[in-house]
Protein chains: 2
Amino acid sequence: MSINTSPPSGTRDFLPADLARRRHLEGVIRRVYESFGFVALETPAFENLSTLLGKYGDEGDQLLFRLLHRRDKLARALQEPGVGEKDLADLGLRYDLTVPLARVIANAKDLPRFFKRYQIQPVWRADRPGKGRYREFWQCDIDITGTTSLVAEAEVCGAVVRVFEELGVRDITIALNHRQLLRCLIQAAGLPPAQEETALVAIDKLDKIGLDGVRKEFTTRGIEATAGERLLTLITRPPEGSSPSPAGPRPPTSPAIEGKGPADGEAGAQLPPTADHRAATADHRAAARADHRAEVAELDRLAGLLADVPEAAGPLAQLRELLDIAAGSAAGPYLRIDATLARGLGYYTGPIFEIRSPAFRGSLGGGGRYDGLIGMFKGTAIPAVGFSIGFERLLLVMEERGLFGSVSWGPDVLLCRFPDVAPADALRTASALRQAGLKVEVFPETPKIGKQFAYAESIKVKLAAILGATEAQEGKLSVKHLGTGEQLTLPLAAAIARLREWSKAG
Amino acid sequence: MSINTSPPSGTRDFLPADLARRRHLEGVIRRVYESFGFVALETPAFENLSTLLGKYGDEGDQLLFRLLHRRDKLARALQEPGVGEKDLADLGLRYDLTVPLARVIANAKDLPRFFKRYQIQPVWRADRPGKGRYREFWQCDIDITGTTSLVAEAEVCGAVVRVFEELGVRDITIALNHRQLLRCLIQAAGLPPAQEETALVAIDKLDKIGLDGVRKEFTTRGIEATAGERLLTLITRPPEGSSPSPAGPRPPTSPAIEGKGPADGEAGAQLPPTADHRAATADHRAAARADHRAEVAELDRLAGLLADVPEAAGPLAQLRELLDIAAGSAAGPYLRIDATLARGLGYYTGPIFEIRSPAFRGSLGGGGRYDGLIGMFKGTAIPAVGFSIGFERLLLVMEERGLFGSVSWGPDVLLCRFPDVAPADALRTASALRQAGLKVEVFPETPKIGKQFAYAESIKVKLAAILGATEAQEGKLSVKHLGTGEQLTLPLAAAIARLREWSKAG
């Protein structure tokens with residue numbers, strides 16, 4: 001037959017071994033988020049298109065999966081002359097977890113004044129699938145709504161850092177910038193206000209296309225070359241211990257992929273190519289991290305550049321305050337001011353952040369403050385700040401580094417029986433084992449015992465319980481450790497105890 | 001503003017308290033399934049339409065959500081004359097978890113010979129939404145593939161029974177029938193073979209529309225009245241202790257809703273209307289349950305009716321054997337032969353089952369053997385049997401009966417501070433509490449402490465930690481139990497210990 005049995009392009013089946021790792025990772029994220037006081041929210045897979053459209057930019061709108069109208073509604077639509085996409089659907093699969101949150105905040109009654117929610121669910125984007133780029137992928141978001149206090153920024157960054165620390169991925173930094181500060185820098189470079197947006201979009205591509213690429217983007221977007229060069233100089237952080245320098249090559253390890261939301265479906269294709277590259281990068285990171293004074297110095301440098309821009313005072317003060325507050329949190333040692341950080345999404349209004357590691361070319365997550373989005377649904381503004389971990393990328397880093405260790409899954413024991421044992425007796429024995437906390441698979445047929453053992457090994461089960469007619473009559477059970485070959489026949493209770501011992505010993 | 005912020009029709013936002021109950025239920029189901037040796041599988045939200053179409057019957061095909069083509073593909077489709085639904089989509093949201101499993105079995109390499117998988121994921125059906133009827137709802141499936149041994153039937157039934165026992169929903173029965181047996185009964189009633197399918201569909205509606213409704217269905221479907229009446233007599237089980245009787249009224253508590261898969265989105269509207277009704281029903285159930293001999297007697301009755309139908313011997317022998325095997329499993333006491341059970345889905349080939357309770361008008365789950373479905377994908381047949389719990393309905397029963405007790409969620413402690421405390425100090429204290437295993441929310445602002453306490457109470461947090469400037473300097477912390485009013489100031493370590501004590505005491 002020629003039936004296609006692969007999952008649809010850009011999606012994956014998660015078999016038990018994969019799923020065990022995914023669940024382990026999700027469990028750590030969930031536990032850390034909850035320790036920070038975040039509570040769980042889940043929203044439907046699809047939303048009204050009116051909820052989704054116009055929140056992610058044109059490119060985002062293009063990547064929405066839309067649900068086709070049905071029956072009469074479809075028939076009517078198809079009869080209209082010039083029928084198009086917008087006439088054929090009014091529902092779409094969710095594209096991220098932030099917009100659904102904003103809708104829920106506007107809709108739900110009795111939410112706490114500060115709603116600290118986490119949400120770990122798949123999102124869907126009709127991106128061109130490719131290696132490590134999925135159409136269905138998971139996001140792990142935390143957000144705090146209802147306060148403009150920078151304690152919220154420090155807490156979301158702290159929670160994300162704790163996740164990475166718990167998982168053993170410690171060579172990270174959190175790039176920190178401020179949307180308004182970046183706008184001030186664009187202004188200071190001499191670009192007209194009308195070019196702010198387009199300059200932002202170009203800068204956001206820096207990590208993908210490099211400095212020369214951004215220069216070309218500037219040209220394409222009609223940005224005057226001198227002003228563009230001035231901007232690149234302004235935002236580029238001088239090397240540690242040097243005086244401010246013109247835009248030099250940027251380390252290749254801090255590319256932002258975004259333009260697509262706080263985390264996305266790209267992964268494998270972005271891994272650093274060589275070990276040398278990685279080592280060089282790690283050095284750079286080590287040098288770059290953890291010096292609070294260096295971060296304050298970078299803010300001083302930017303303040304100096306922006307002395308004539310009164311609008312810069314606010315964002316600069318906020319970043320200073322955030323560095324102070326975060327010094328008391330897990331995030332403190334990881335924050336690094338980076339004026340080149342732009343973040344693709346339109347809705348950010350304040351501090352923005354992105355988590356980076358030499359383990360991965362591209363951000364492992366990101367977020368920021370968005371004080372306007374909820375108001376688009378609610379009418380009255382509600383401030384909010386969020387951070388999203390890119391689940392697929394983090395998983396990839398963990399796998400690359402062997403950080404999962406042995407995540408166990410599957411049954412502990414295979415219950416085998418001889419053909420002269422009634423299956424009811426086997427099931428009775430299985431019940432006893434299960435009640436003792438063991439995970440037990442019953443071999444459903446009765447080929448030779450050796451074949452049953454071979455099956456146990458094929459599914460990586462190390463322990464077998466073997467029921468013969470004599471044992472069944474005498475209330476006994478044979479147990480065998482398939483790893484060591486040790487085998488003995490014991491009264492049922494003792495047999496269960498032995499299986500539990502073996503099982504706990506791994 | 002007039003923006004609609006409700007979730008789309010037929011879907012729900014799950015706020016933290018709802019989600020805590022759903023997770024608790026899911027956790028029990030997962031644990032029991034794993035104790036039976038089932039391993040987890042997850043599949044994509046959408047499938048190729050070629051995978052889904054033709055598996056659920058016409059009504060099912062109509063209820064698929066299809067994903068609209070995009071860009072060029074859509075433009076090309078819209079230019080064709082007479083463009084219709086089938087030209088506009090080739091992907092659809094999954095409708096159940098069984099068909100995706102069949103596809104995976106056909107596709108995946110290296111699956112165990114007996115693949116025992118569980119899958120707990122949402123499915124989507126474009127049903128007319130109504131009270132308790134959802135377009136997005138969860139199914140909890142277990143299936144065993146690769147064996148025709150009836151041990152598999154006993155195991156899936158046993159696992160489902162253990163879930164219900166663990167949850168405290170013990171007034172259940174598992175209705176048991178056999179597809180081929182039902183076909184033999186239809187034949188024995190004198191219906192022509194060509195009417196088997198349509199008679200099955202009519203009988204499947206018995207619980208929805210009652211005997212008179214089925215009689216009308218028979219007429220509509222061109223089934224001759226005498227033969228139809230004969231069929232109803234054959235399949236109706238005589239009351240306990242009586243001789244076979246003509247079709248009498250069936251207790252109103254065993255309606256099958258199906259025609260839609262092993263479990264579905266309907267729920268609340270199906271609850272029994274009155275307590276009296278419930279009590280009467282419970283009596284009926286109690287009388288009906290647990291007598292192995294009575295079940296064998298019913299099989300004897302059916303065997304007598306089918307003495308002239310040679311094809312009946314096989315299915316009757318299978319049901320006898322299944323009763324014997326299951327006597328050794330948790331399912332034993334709950335199995336009840338019910339020749340009226342039809343199950344709507346076309347793919348069943350052997351034993352079929354449905355879980356019923358007086359707590360709910362409609363099945364709480366169901367399943368059966370389907371030895372042909374996987375072959376539709378793989379080319380070669382692979383036998384399989386499965387059981388699915390209706391998550392939404394079980395949840396409703398648990399809520400109605402108050403079986404959730406107090407599922408806890410949310411932070412343990414709200415960390416409050418006076419305005420003269422640096423936020424960094426508060427975050428440092430929060431870190432210490434979190435490292436001790438407490439879930440801690442930090443109040444992000446500094447209004448009067450009374451307001452901070454009021455917020456704690458509004459989010460049902462019972463414990464407060466209060467940081468003043470003096471405490472911060474002296475390494476101390478005030479802790480307050482907002483339930484009892486007890487408050488004391490202690491060195492940090494002692495304060496943490498006290499909070500943990502309070503937290504553990506609930």
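Model, not experiment: these values are computed from the prediction. Throughout, a chain's letter reflects where its sequence line sits, starting with A, and its residues are numbered from 1.
- Looking only at heavy-atom pairs under 4.5 Å with chain B, the residue among Glu155(A), Arg22(A), His69(A), Glu47(A) that has the most is Glu155(A).
- Screening Leu88(A), Leu64(A), Leu91(A) against Leu68(B) for a side chain to side chain contact (heavy atoms under 4.5 Å, CB included) leaves a single residue, Leu88(A).
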Pair Lys378(B), Thr5(A) - check side-chain contact (heavy atoms from CB on, under 4.5 Å), show working.
CA-CA 8 Å; Lys378(B) 198 177 170 70; Thr5(A) 59; over 6 Å; no
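- A salt bridge does not link Arg113(B) to Glu441(A): none of the charged nitrogens lies less than 4.0 Å from a carboxylate oxygen.
- You'll find the side chain of Pro16(B) reaches within 4.5 Å of the side chain of Phe115(A), heavy atoms only.
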Derivation and outcome, side-chain contact (heavy atoms from CB on, under 4.5 Å), residues Ile459(B) and Val39(A)
CA-CA 11 Å; Ile459(B) 61 168; Val39(A) 294; over 6 Å; no
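- With a 4.5 Å cut-off on non-hydrogen atoms, Arg12(B) touches chain A through its backbone but not through its side chain.
- Across all their heavy atoms, Phe14(B) and Leu41(A) have their closest contact at O-CD1, 3.3 Å.
- Side-chain contact between Val151(A) and Arg417(B): present, with at least one pair of heavy atoms (C-beta onward) separated by less than 4.5 Å.
- Contact of Leu19(B) with chain A is made through the side chain alone, with heavy-atom distances under 4.5 Å.
- Contact count against chain B (heavy-atom pairs under 4.5 Å) is highest for Ala126(A) among Ala126(A), Ser329(A), Ala89(A), Ser431(A).
- Side-chain atoms of Arg70(B) never come within 3.5 Å of backbone atoms of Leu63(A) as a donor-acceptor pair (strictly under, hydrogens ignored).
- Annotation: the span from Phe65(A) atom CZ to Leu93(B) atom CG amounts to 10.0 Å, rounded to 0.5 Å.
- Comparing Leu74(B), Leu78(B), Thr446(B), Leu427(B) by heavy-atom pairs within less than 4.5 Å of chain A, the highest count is held by Leu427(B).
- With hydrogens and angles disregarded, a donor-acceptor distance shorter than 3.5 Å links the side chain of Ser149(A) to the backbone of Pro444(B).
- For chain B, the nearby part of Glu136(A) is the side chain; its heavy atoms alone come within less than 4.5 Å.
- With a 4.5 Å cut-off on non-hydrogen atoms, Tyr118(A) touches chain B through its side chain but not through its backbone.
- Contacts between Ile144(A) and chain B at a heavy-atom distance below 4.5 Å are absent for every atom of the residue.
- Side-chain contact check for Gln435(A) versus Ser35(B): every heavy-atom pair is 4.5 Å or farther apart.
- Each of Asp324(B), Val442(B), Thr51(B) has some count of heavy-atom pairs under 4.5 Å with chain A, and the biggest count is that of Val442(B).
- Between chain A and the options Glu321(B), Glu85(B), Arg31(B), heavy-atom pairs under 4.5 Å are most frequent for Glu85(B).
- Using a 4.5 Å cut-off between heavy atoms, Phe46(A) contacts chain B through both its backbone and its side chain.
- Interface check for chain B: of the options Ala17(A), Ala45(A), Gly410(A), the most heavy-atom pairs under 4.5 Å are formed by Ala45(A).
- Residue contact with chain B, scored on non-hydrogen atoms closer than 4.5 Å, involves the side chain of Tyr455(A) exclusively.
- Here Asp13(B) is the residue among Val104(B), Thr11(B), Asp13(B) with the most heavy-atom pairs under 4.5 Å with chain A.
- Contact of Ala108(A) with chain B is made through the side chain alone, with heavy-atom distances under 4.5 Å.
- Of the listed residues Trp409(B), Phe38(B), Trp124(B), the one with more heavy-atom pairs under 4.5 angstrom with chain A than any other is Trp124(B).
- Considering only heavy atoms from C-beta on, Pro7(A) comes within 4.5 Å of Asn107(B) through its side chain.
- Contacts with chain A were tallied for Gly92(B), Pro8(B), Pro411(B); Pro8(B) has the most, counting heavy-atom pairs under 4.5 Å.
- Closest approach of Thr148(B) to Glu445(A), counting heavy atoms only: N-OE2, 4.3 Å.
- Using a 4.5 Å cut-off between heavy atoms, Ser50(A) does not touch chain B at all.
- Contacts of Ser458(A) with chain B are absent, with no heavy-atom separation under 4.5 Å from either backbone or side chain.
- The CG atom of Leu15(B) sits 10.5 Å away from atom OG1 of Thr43(A), with the distance rounded to the nearest 0.5 Å.
- Ranked by heavy-atom pairs shorter than 4.5 Å toward chain B, the options Arg71(A), Arg23(A), Arg434(A) are led by Arg434(A).
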